[in-house]
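Worksheet: the structure to be examined is printed underneath.
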Amino acid sequence: MTVSTWAAVVLLSSLTVALSHEEGGGPSFGYTPGTPDGPENWGKLSPAYKACNEGKAQSPIDIVTASAIPNPNLDTLSRVYVPCNATLHNNGKDIVMTFERDGEPVMPGSINITTADGTVKVFRFKMVHWHVPAEHSINGKRFPLELHLVHADDHGDKAVVGILYKIGKPDPFYDQLTEKLRELKETPTVAAGMVELKSLQKRTGSYFRYMGSLTTPPCTENVVWNILGKGREMSQEQFELITAPLPHQDNRPPQPLNGRIVAFYNPPNSTISHYTYM
Ligand SMILES: *[C@@H]1O[C@H](CO)[C@@H](O)[C@H](O)[C@H]1NC(C)=O
Ligand SMILES: *[C@@H]1O[C@H](CO)[C@@H](O)[C@H](O)[C@H]1NC(C)=O
Ligand SMILES: *[C@@H]1O[C@H](CO)[C@@H](O)[C@H](O)[C@H]1NC(C)=O
């Protein structure tokens, strides 16, 4: 190998690492079913991606609301997010938002997760990404967009809050990103400045809980999933802004439950609200 090809290989592999939105790096992957790097082949692209094909607790899933089991040990998803300097990335696969202060990654908030047996674990707010259309479906119905709020603990285990969007009233959260999302169409990385995150905490009532995986390679099975029982709305214009930078869909198809339980939490004394009522 010549020095320049070697340099190209090194450059390419460091690019791959930079482009992967979860840690792990590894080869590129695609979303088009039936292609060599499509979702059903992710597990064959690298030994590190084996869980994508061989795992038994993969995400996303179709949530069947009638089969979700209320669990009285679960508690409200208590979250605190503070404003933070953010960067938007178009990694060619997904649109991602990361947080930093003085150039260093920071975690601008945390979530307390009550597990099925009633113990509380703390995870810190790490990043945000969007999937179009939604990855999780509800009773087979797929919403136009899904927002993932990714939290991690000290061991790298994750707690993700998934919010499904339908088209309707504008969501004020996106107003602060309008210009930045326009720029993201032209350039892969955009400094978004100070971003207010508190509005992402709103309306955390009922949710569906199950144990699953990252929805992108390496598909690691270390994620506590929390899909909010009540979706949000965004305007058609906002939807177009967030989807314009990516020319393709980026939703992994639903994975088998393999006997996993989907639990349901509903706040005390609230009328049951979930997607069958949207
Ligand atoms: C999480 O729980 C701890 C201990 O009860 C509490 O001090 C902290 O404020 C909680 N954090 C959030 C985000 O609710
Ligand atoms: C926030 O980001 C801006 C660029 O968007 C930068 O000039 C500023 O120094 C950053 N502030 C902090 C505290 O990191
Ligand atoms: C729920 O309603 C019952 C009966 O009205 C009341 O006693 C209880 O305090 C309420 N619980 C909460 C958390 O509001």
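One-based numbering, in listed order, for ligands and for the atoms of each.
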Which of the atoms in ligand 2, numbered in the order shown and given with their element, are less than 4.0 Å from a heavy-atom of [X]?
X	answer
Asp102	12 (C), 13 (C), 14 (O)
Ala191	5 (O)
Arg101	13 (C), 14 (O)

Query - Output field: ring centroids His131/Phe143 closer than 6.0 Å - result: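 Ring centres of Phe143 and His131 not closer than 6.0 Å.
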Query raised in the report: What residue among Gln58, Glu135, His129, Arg252 forms side-chain hydrogen bond (donor to acceptor under 3.5 Å, both in side chains) with Thr215?
Result: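 When Gln58, Glu135, His129, Arg252 are each tested with Thr215, the side-chain hydrogen bond (donor to acceptor under 3.5 Å, both in side chains) holds only for Glu135.
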Any non-hydrogen protein atom less than 4.0 Å away from [atom]:
atom	answer
atom 7 (O) of ligand 1	no
atom 4 (C) of ligand 1	no
atom 14 (O) of ligand 1	yes

Report task. Measure the shortest side-chain to side-chain distance between His148 and Trp225 over non-hydrogen atoms and say whether it is less than 4.5 angstrom. Result ->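 They are in side-chain contact.
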Query raised in the report: Looking only at heavy atoms of Val122, does any of them come nearer than 4.0 Å to an atom of ligand 1?
Result: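 Outside the 4.0 Å threshold, so no.
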Query raised in the report: Does Lys93 make a cation-pi contact with Phe29 (under 6.0 Å, within 45 degrees of the axis)?
Result: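 Pair Lys93/Phe29 counts as cation-pi.
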Give the atom numbers and elements of ligand 1 that come within less than 4.0 Å of a heavy atom of [X].
X	answer
Ser110	13 (C)
Asn112	1 (C), 2 (O), 3 (C), 8 (C), 10 (C), 11 (N), 12 (C), 14 (O)
Val80	13 (C)

Query raised in the report: Are Met211 and Ile113 joined in one hydrophobic group, where the rule is that I, L, V, M, F, W and Y side chains link up if heavy atoms are under 4.5 Å apart?
Result: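 Linked, Met211 and Ile113 end up in one cluster.
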Query raised in the report: Got the closest protein heavy atom to atom 11 (N) of ligand 2, with its distance?
Result: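 Heavy-atom neighbour on the protein nearest atom 11 (N) of ligand 2: Asn85 ND2, 2.9 Å.
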**Report entry** Check: Tyr49/Asn41 side-chain N/O donor and acceptor closer than 3.5 Å
**Finding:**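 Note: Tyr49 and Asn41 side chains miss the donor-acceptor criterion.
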**Report entry** Donor + acceptor pair across side chains of Arg79, Thr204 (<3.5 Å)
**Finding:**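 Yes, side-chain donor-acceptor contact under 3.5 Å.
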Query raised in the report: Applying the side-chain contact (heavy atoms from CB on, under 4.5 Å) test to Arg209, which of Asn71, Thr114, Val224 qualifies?
Result: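 Exactly one pass, corresponding to Val224.
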Query raised in the report: Any N or O of Glu100 that comes nearer than 3.5 Å to an N or O of ligand 2?
Result: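 No, no N or O pair falls under 3.5 Å.
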